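The structure appears below as structure tokens.
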Amino acid sequence: MSPSTDVAMTNNRNSSMLDRHHPHTLSTLDFQGASYAAAAKSVKSELDQLKTESKDKMFQSQMDAFYLLFTRFLDERAKRCKLDWDKIQSPSPEQIVRYQDIPECKASQDLQKLAVLKLNGGLGTTMGCVGPKSAIEVRDGMSFLDLSVRQVEYLNKTYGADVPFILMNSFNTDEETKRIVKKYERHSVTLRTFNQSKYPRIKKESFLPVPRSPDSPIDEWYPPGHGDLYESLYQSGVLDELLASGKEYLFVSNVDNLGATVDLNILHYMVEEDTDFIMEVTDKTRADIKGGTLIDYDGKIRLLEIAQVPDEHVEDFKSIKKFNIFNTNNIWINLRALKRLMDQDNMDLEIIVNNKTTDSGQKVIQLETAVGAAIKHFGNARGVNVPRSRFLPVKSTSDLFLVTSDLYKLVHGQLTMNPQRMFHTVPLVKLGDEFKKVNNFLSRLKTIPHILELDHLTVTGDVVFGSNVTLKGTVIIVANHGEHIDIPSGAVLENKIVTGCLRILDH
């Protein structure tokens with residue numbers, strides 16, 4: 001049975017249930033069913049044409065995988081699949097283990113079975129950079145990639161291990177990343193890269209693919225989210241390579257999370273408990289209200305993303321009381337269990353519909369999946385509630401402000417909280433639009449201020465910091481439209497609100 005026929009039959013079944021009492025609904029469902037079946041048929045025809053024009057077997061395989069994802073998307077729309085909110089429960093203590101309850105492990109033999117993978121598909125466009133985000137300089141002249149390689153290199157040297165370092169690139173980052181990693185050839189790290197899938201963007205109104213040929217412009221395609229890791233790991237042959245070399249566990253994290261380092265305690269716990277999948281979660285704060293969380297649903301642990309939440313329950317989802325943990329996207333995977341699942345073709349992940357507008361103004365959708373959503377497919381899967389220090393992402397220049405400051409010390413590629421900070425909480429920093437791009441951020445800060453005693457910083461408007469500035473407590477600096485504020489070198493601001501105009505002239 002073809003997916004398009006399946007969509008139509010699904011709607012016929014739904015229609016028959018409603019026929020007796022809802023004739024208007026019946027005609028609507030019939031129309032939708034016919035529309036979805038036609039859409040599936042049209043998309044298959046266009047994807048087949050793309051496959052015919054390309055001799056690349058991997059590309060052809062990706063078009064087939066996209067078609068399956070697309071028809072699943074149509075099927076879910078036809079069925080109006082939604083989570084039953086009443087079935088959502090908080091996970092049990094058996095499903096989420098506290099990090100402090102995991103035995104400490106100093107043995108290193110488990111490292112021989114480990115590989116480390118960084119999700120490296122993103123660009124630095126949000127912060128005004130061109131190229132892979134992993135190439136952005138974040139600390140002491142080193143990029144995200146430099147720090148990650150240094151961490152694995154130190155791990156191998158310290159424990160006499162051979163932990164390979166793997167990058168999953170996207171078509172956006174692959175070429176530049178391959179040039180960058182050549183500088184690591186003399187390092188004592190086995191480095192491997194592979195590409196995640198390239199899928200066609202879909203027109204929002206017609207559901208037809210945007211690209212008309214395999215060589216269509218790059219902005220007509222998209223990488224389908226980090227949930228594509230499993231399929232790409234499998235299809236690229238990297239999964240089989242790892243297993244053949246004796247690797248049994250994979251630690252996966254975002255390349256921009258500077259807190260995601262190999263933890264021997266979690267690794268040993270996974271080995272001893274024969275766990276197939278571990279997701280690191282941490283306590284939610286008001287800054288994390290949109291992050292995915294773990295739930296118990298029909299007795300199974302699974303990931304709940306905000307995109308899956310019905311509109312009427314979004315505020316419940318954001319609540320810190322009801323959902324008090326969130327996903328860090330630090331994932332530990334048993335590779336043998338993953339191989340079994342992929343061989344059985346059993347990895348359907350919840351579809352996230354990402355609405356976009358192209359540079360030409362065309363409205364498109366991208367069908368994406370999340371890597372953590374796979375937790376429901378693994379036996380003996382659980383979460384581990386880790387310290388906040390293991391979640392240190394750099395998504396904005398406000399984050400960059402923190403990680404480049406004296407709040408952290410850099411040791412062997414790993415950032416640790418400065419012991420001189422009295423509280424182990426991280427200050428809340430909000431930098432305005434004038435600081436949004438990295439170049440503007442750097443031009444407005446002669447040096448990063450000292451913030452060991454800072455609790456909260458808000459800066460908006462045309463503000464420039466001199467060198468050796470110290471910020472303490474709560475500091476708010478607001479330059480309204482047409483105003484300019486120079487914070488002089490050596491200034492100490494403690495619990496201050498600065499507004500109006502202040503210009504310091506060089507002499």
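Note that the coordinates shown come from a computational prediction; the quantities given were computed from them, not determined experimentally.
- Remark: the Asp75 side chain and the Tyr36 side chain contain no N/O donor-acceptor pair separated by less than 3.5 Å.
- For the pair Thr261 and Arg390, the minimum side-chain heavy-atom distance is below 4.5 Å.
- With a 6.0 Å radius and a threshold of 12 heavy atoms from other residues, nucleotides or ligands, Tyr159 has its OH atom at or below the threshold.
- Aromatic ring pairs are classed by plane angle as parallel below 30°, tilted from 30° to 60° and perpendicular above 60°; the pair Phe207 and Phe70 is perpendicular.
- Within 6.0 Å of the NZ atom in Lys339, the count of heavy atoms belonging to other residues, nucleotides or ligands exceeds 12.
- Contact of the Leu208 side chain with the Ser42 side chain is registered, since non-hydrogen atoms from C-beta on lie closer than 4.5 Å.
- Contact detail for Ser170 and Gln196: the closest heavy-atom pair is CB-OE1, 3.9 Å.
- Shown here is Lys376, whose NZ atom has more than 12 heavy atoms of other residues, nucleotides or ligands within 6.0 Å.
- Atom CG of Asp298 has more than 12 heavy atoms from other residues, nucleotides or ligands within 6.0 Å.
- The two residues Val403 and Leu415 have their closest heavy-atom pair at CB-CD1, 3.8 Å.
- We find that Glu205 and Lys363 are not joined by a salt bridge, their nearest charged nitrogen and carboxylate oxygen being 4.0 Å or further apart.
- Atoms CD1 and OG1, on Ile166 and Thr193 in that order, are 10.0 Å from each other to the nearest 0.5 Å.
- A donor-acceptor contact closer than 3.5 angstrom is absent between the side chains of Tyr222 and Asn354.
- Under the 4.0 Å criterion applied to side-chain N and carboxylate O atoms, Asp256 and Lys395 are assigned as salt-bridge partners.
- For the atom pair CD of Glu46 and CD1 of Ile202, the computed distance is 8.5 Å after rounding to the nearest 0.5 Å.
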Should Glu94 and Arg382 be marked as a salt bridge (Lys or Arg N to Asp or Glu O under 4.0 Å) after you check the CA-CA gap, both sets of side-chain angles, and the distance that decides it? CA-CA 8 Å; Glu94 291 75 29; Arg382 63 196 63 177; over 6 Å; no
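- In this structure, a donor-acceptor pair under 3.5 Å is absent between the side chains of Ser61 and Asp64.
- Relative orientation of the Trp85 and His313 rings is parallel, given thresholds of 30° and 60° on the angle between their planes.
- No side-chain heavy atom of Leu335 sits less than 4.5 Å from a side-chain heavy atom of Glu248.
- The line from OG1 of Thr358 to CG of Asp219 is 7.0 Å long, rounded to the nearest 0.5 Å.
- You'll find the side chain of Val252 reaches within 4.5 Å of the side chain of Leu119, heavy atoms only.
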Evaluate the side-chain contact (heavy atoms from CB on, under 4.5 Å) criterion for residues Val43 and Leu47: first the C-alpha distance (whole Å), next the side-chain angles of each, then the deciding distance (0.1 Å), finally the verdict. CA-CA 6 Å; Val43 167; Leu47 293 177; 3.6 Å; yes
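- Results of the side-chain contact (heavy atoms from CB on, under 4.5 Å) test with Glu280 over Ile266, Asn327, Asn385 single out Ile266 as the only residue that passes.
- In terms of heavy-atom proximity, Thr275 sits nearest to Ala381 at CG2-CA, 4.4 Å.
- Contact annotation: the side chain of Leu457 never approaches that of Pro427 to less than 4.5 Å [non-hydrogen atoms, C-beta and beyond].
- Using a distance-only test at 3.5 Å, with no hydrogens or angles considered, a donor-acceptor pair links the side chain of Arg139 to the main chain of Tyr408.
- Annotation: the span from Leu258 atom CG to Ser389 atom OG amounts to 12.5 Å, rounded to 0.5 Å.
- Judged purely by atom type and a 3.5 angstrom limit, Thr397 has no side-chain atom pairing as donor or acceptor with the backbone of Leu400.
- Not one N or O on the side chain of Ser134 forms a donor-acceptor pair closer than 3.5 Å with the backbone of Phe144.
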Could you walk me through whether Val386 and Asn330 pass side-chain contact (heavy atoms from CB on, under 4.5 Å), step by step? CA-CA 10 Å; Val386 298; Asn330 298 347; 5.6 Å; no
Stepwise side-chain contact (heavy atoms from CB on, under 4.5 Å) test for Phe59 and Leu50: CA-CA 9 Å; Phe59 175 82; Leu50 290 173; 4.2 Å; yes
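- Looking at every heavy atom in both residues, Val371 comes nearest to Tyr230 through O-OH, 2.6 Å.
- Checking side-chain atoms of Asn380 against main-chain N and O of Glu273 turns up a donor-acceptor pair under 3.5 Å.
- Counting only heavy atoms from C-beta outward, the side chains of His377 and Leu349 approach each other to under 4.5 Å.
- Put simply, the side chain of Ile301 does not reach to within 4.5 Å of the side chain of Ile295, judged on heavy atoms.
- At least one donor-acceptor pair closer than 3.5 Å links the side chain of Thr71 to the backbone N or O of Tyr67.
- Other residues, nucleotides and ligands contribute more than 12 heavy atoms inside 6.0 Å of the NZ atom of Lys284.
- Under the 4.5 Å side-chain criterion, counting only non-hydrogen atoms from C-beta, Leu69 is in contact with Tyr199.
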Criterion side chain to side chain donor-acceptor pair (under 3.5 Å) on Asp110 and Tyr249, from CA distance to verdict: CA-CA 9 Å; Asp110 298 326; Tyr249 303 96; over 6 Å; no
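- Met63 and Pro200 make their closest contact through CE-CD, 4.0 Å (heavy atoms, listed as atom of the first residue, atom of the second, distance).
- When all heavy atoms of Ser54 and Gln60 are compared, the closest pair comes out as O-NE2, 2.8 Å.
- A distance-only check finds no donor-acceptor pair linking the side chain of Thr173 to the backbone of Pro132 [under 3.5 Å].
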Start with the C-alpha gap between Asn257 and Asn329, add the side-chain angles, then the distance that decides, and say whether side chain to side chain donor-acceptor pair (under 3.5 Å) holds. CA-CA 9 Å; Asn257 181 4; Asn329 229 38; over 6 Å; no
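- Within the cation-pi definition used here (under 6.0 Å to the ring centroid, within 45° of the axis), Lys51 does not qualify as a partner of Phe66.
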Test side-chain contact (heavy atoms from CB on, under 4.5 Å) applied to Phe326 and Thr282, step by step: CA-CA 6 Å; Phe326 76 99; Thr282 195; 3.3 Å; yes
